[in-house]
Amino acid sequence: HKHFDRIRQATERATSLTSQLLTFSRRQVIEHKVLYLNGLVLNFDPMLRQLIGADIELIVLPKAKRGTIKVDAGQIEHVLVNLTVNARDAMPKGGKLIVETADVSLDEHYVVYHPEILPGEYVMLAVSDTGVGIPQEIREKIFEPFFTTKARGKGTGLGLATSYGFIKQSGGFMMVYSEVGEGTTFKIYFPRATEAPEVLEQIERPKEVPKGAETILIAEDESSIRELACEALRSQGYTIFEAANGEEAFNFLKRNPDQVIDLLLTDVVMPQMGGKDLADKFKIERPEAKVLYMSGYTDGAVTYHGLQGRDFAFIQKPFTFDSLAFKVREILYRKIKKT
């Protein structure tokens with residue numbers, strides 16, 4: 001068990017590192033949605049309190065009144081976790097961590113000194129600590145990939161670099177203010193979105209992996225991944241049909257017109273017929289069913305296969321048993337309302 005646990009930990013670390021590299025290279029598949037920044041921060045409050053420990057006081061100040069931004073919620077969480085962990089490490093004897101939001105208007109006078117910024121309305125997310133501060137020579141390098149001041153094995157040097165890359169992808173920018181012995185503040189500015197925010201129905205995730213009784217068709221050309229997905233979902237009570245490619249999956253539908261299929265779980269890139277073409281034909285045959293795409297390819301490959309800009313559900317490979325089961329349950333339950 002000890003050896004298997006180490007293998008699991010190494011795999012999870014490799015998965016995280018790969019995801020960070022994809023984000024830094026701007027090739028991670030992201031799902032931009034118009035959301036309230038205050039809501040994202042408040043929902044993540046319990047996780048932040050677990051990260052910092054009892055000797056650090058967390059103060060959350062959601063001051064943004066018009067704080068709608070177009071972002072990937074998971075990436076916001078990534079940024080918050082990274083900045084929180086860095087702040088915690090900068091306060092070994094305890095201190096205060098302040099997370100706040102605010103509406104900000106940047107005019108022509110401001111951008112004179114920051115030519116990379118366009119004037120306009122922004123929503124600011126600031127993370128401040130009362131820690132040791134960052135010396136000038138280090139501040140100049142903190143956004144460089146693989147630069148880290150942490151001990152070997154304690155950091156990859158990709159945390160701030162990937163956060164910076166994500167923020168730029170979302171049209172924003174990040175600045176750092178720090179004085180040695182006084183603390184550090186990271187300020188992130190996102191363009192304020194004018195569209196109505198999407199409100200996702202909150203799904204309570206139980207401690208146990210959710211079960212189901214629906215029928216799922218899985219199309220995946222990689223046999224090991226297909227077997228993993230089938231085993232994971234069958235163990236949770238689902239009825240599973242499988243196919244080695246899109247054409248085989250579509251032929252199954254044609255041979256079994258009366259077979260109920262609640263969800264199509266399909267790889268994006270497959271020989272003979274790709275995931276998008278399969279899903280388009282599937283929706284004609286089963287218009288009430290749902291589709292969940294999966295891929296280990298980059299954002300560029302997914303875009304090339306026609307999924308960019310579509311309202312599609314997606315899970316990034318590699319995934320675990322639990323993450324797949326939760327994602328499938330989420331898609332089968334999901335209802336999106338506009339406000």
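For Glu222 (side chain) and Ser224 (main-chain N/O), no donor-acceptor pair under 3.5 Å exists by modelled atom type. Asn256 places no side-chain N or O within 3.5 Å of a backbone atom of Gln259 that could act as its donor or acceptor partner. Within the 3.5 Å criterion, the main-chain N or O of Ala289 finds a donor-acceptor partner in the side chain of Lys283. Remark: the backbone N or O of His78 is not paired with any side-chain donor or acceptor of Asn82 at under 3.5 angstrom. Glu330 places no side-chain N or O within donor-acceptor distance of the main-chain N or O of Phe326, the cut-off being under 3.5 Å. For the pair Lys187 (side chain) and Leu125 (backbone), a donor-acceptor distance under 3.5 Å is absent. Between the side chain of Thr68 and the main chain of Tyr36, no donor-acceptor pair closer than 3.5 Å is present. A donor-acceptor pair under 3.5 Å is formed between the side chain of Thr101 and the backbone N or O of Ala64. A donor-acceptor pair is defined here as one N or O able to donate and one able to accept, closer than 3.5 Å; such a pair exists between the side chain of Ser178 and the backbone of Ile134.
Every residue two or more places apart in sequence or in another chain was checked for a ring-ring contact (aromatic ring centres under 6.0 Å, His included) with Tyr177, and none qualifies. For Glu77, the side chain to side chain contact (heavy atoms under 4.5 Å, CB included) partners at least two apart in sequence or on another chain are Phe44. Looking at residues two or more places apart in sequence or on another chain, you find a side chain to side chain contact (heavy atoms under 4.5 Å, CB included) between Glu231 and Phe321. Under the salt bridge (Lys or Arg N to Asp or Glu O under 4.0 Å) criterion, Glu57 pairs with no residue, sequence neighbours left out. Evaluation of the salt bridge (Lys or Arg N to Asp or Glu O under 4.0 Å) rule for Asp45 yields Arg49 as partners, not counting sequence neighbours. Lys65 is linked by a side chain to side chain contact (heavy atoms under 4.5 Å, CB included) to Asp103, counting only residues two or more places apart in sequence or in another chain. Partners of Tyr122 under the ring-ring contact (aromatic ring centres under 6.0 Å, His included) rule, at least two apart in sequence or in another chain, are Phe173. Applying the salt bridge (Lys or Arg N to Asp or Glu O under 4.0 Å) rule to Glu242 yields the partners Arg226, Arg234; only residues at least two apart in sequence or on another chain are considered. Remark: Arg88 engages Ile56, Val85 in a side chain to side chain contact (heavy atoms under 4.5 Å, CB included) (not counting sequence neighbours). Considering only residues two or more places apart in sequence or on other chains, Lys96 meets the salt bridge (Lys or Arg N to Asp or Glu O under 4.0 Å) condition with none of them.
When side chains are defined from C-beta on, Ile69 does not count as touching Leu35, because their heavy atoms never get closer than 4.5 Å. Within the 4.5 Å cutoff, the side chain of Leu233 has heavy atoms near those of the Leu265 side chain. Between Val123 and Val104 the shortest side-chain heavy-atom distance does not fall below 4.5 Å. No side-chain heavy atom of Lys93 sits less than 4.5 Å from a side-chain heavy atom of Asp55. Inter-residue side-chain proximity for Val127 and Thr185 is flagged as unmet; no heavy-atom pair is nearer than 4.5 Å. Side-chain atoms of Leu83 and Ile188, non-hydrogen and from C-beta on, do get closer than 4.5 Å to each other. A 4.5 Å side-chain heavy-atom check between Thr239 and Val260 finds every atom pair outside the cut-off. A 4.5 Å side-chain heavy-atom check between Ile284 and Asp280 finds every atom pair outside the cut-off.
Pairs passing the ring-ring contact (aromatic ring centres under 6.0 Å, His included) check and including a residue from residues 220-241, sequence neighbours excluded, read Phe241-Phe252.
In this structure, OG1 in Thr84 is found 4.5 Å from CG in Leu48, a value given to the nearest 0.5 Å. In this structure, CG in Leu264 is found 13.0 Å from OG1 in Thr215, a value given to the nearest 0.5 Å. Taking CG of Leu228 as the start and OG of Ser223 as the end, the distance is 11.5 Å to the nearest 0.5 Å. Atom CG of Leu324 and atom CD of Gln236 lie 9.5 Å apart (nearest 0.5 Å). Remark: Met270 CE to Asp277 CG distance equals 9.0 Å, nearest 0.5 Å. Rounding to the nearest 0.5 Å gives a distance of 9.0 Å between CD1 of Ile315 and CD1 of Ile331.
Here the closest heavy-atom approach between residue Arg66 and residue Arg192 is recorded as O-CD, 3.0 Å. The two residues Ala193 and Val34 come nearest to each other via the heavy atoms CB-CG1, 3.9 Å. For the pair Phe314 and Met294, the tightest heavy-atom approach, listed with the atom from each and the gap, is CE1-C, 4.2 Å. Taking every heavy atom of both residues into account, Glu248 and Asn245 meet most closely at N-OD1, 2.8 Å. Residues Leu278 and Ala219 come closest through the heavy atom pair CD2-CB, 3.7 Å. Considering every non-hydrogen atom in both Asp129 and Gly131, the closest pair reads OD1-N, 2.8 Å.
Between Glu214 and Arg329 a salt bridge is recorded (basic side-chain N to carboxylate O distance below 4.0 Å).
Glu288 CD: 12 or fewer foreign heavy atoms inside a 6.0 Å radius. The number of heavy-atom neighbours closer than 6.0 Å to CD of Glu121, taken from other residues, nucleotides and ligands shown, is above 12.
A continuous path of hydrophobic side-chain contacts links Leu42 to Leu40 [ILVMFWY only; heavy atoms under 4.5 Å]. In the hydrophobic clustering of this structure, Val132 does not group with Leu97; members are Ile, Leu, Val, Met, Phe, Trp, Tyr whose side-chain heavy atoms approach within less than 4.5 Å, directly or through other members. The hydrophobic cluster containing Ile167 also contains Val176, counting ILVMFWY residues as joined when their side-chain heavy atoms lie under 4.5 angstrom apart, directly or transitively. Both Leu118 and Tyr189 sit in one connected hydrophobic cluster of ILVMFWY residues. Membership requires side-chain heavy atoms under 4.5 Å apart, directly or through other members.
Hydrophobic cluster membership of Ile59, counting Ile, Leu, Val, Met, Phe, Trp and Tyr whose side-chain heavy atoms lie under 4.5 Å apart directly or via other members: Leu61, Ile98.
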Stepwise side-chain contact (heavy atoms from CB on, under 4.5 Å) check, Ile216 with Ile261: CA-CA 6 Å; Ile216 301 173; Ile261 302 292; over 6 Å; no

Run the side-chain contact (heavy atoms from CB on, under 4.5 Å) test on Cys230 and Ile218 for me, step by step, so that the C-alpha distance in whole Å, both residues' side-chain angles and the decisive distance to 0.1 Å come before the verdict. CA-CA 8 Å; Cys230 289; Ile218 300 176; 3.9 Å; yes

Evaluate side-chain contact (heavy atoms from CB on, under 4.5 Å) for Met175 paired with Phe186, printing each intermediate quantity in order. CA-CA 6 Å; Met175 295 183 176; Phe186 284 89; over 6 Å; no

Audit row: Thr130, Met91, side-chain contact (heavy atoms from CB on, under 4.5 Å) steps and yes/no: CA-CA 7 Å; Thr130 57; Met91 297 183 287; 3.6 Å; yes

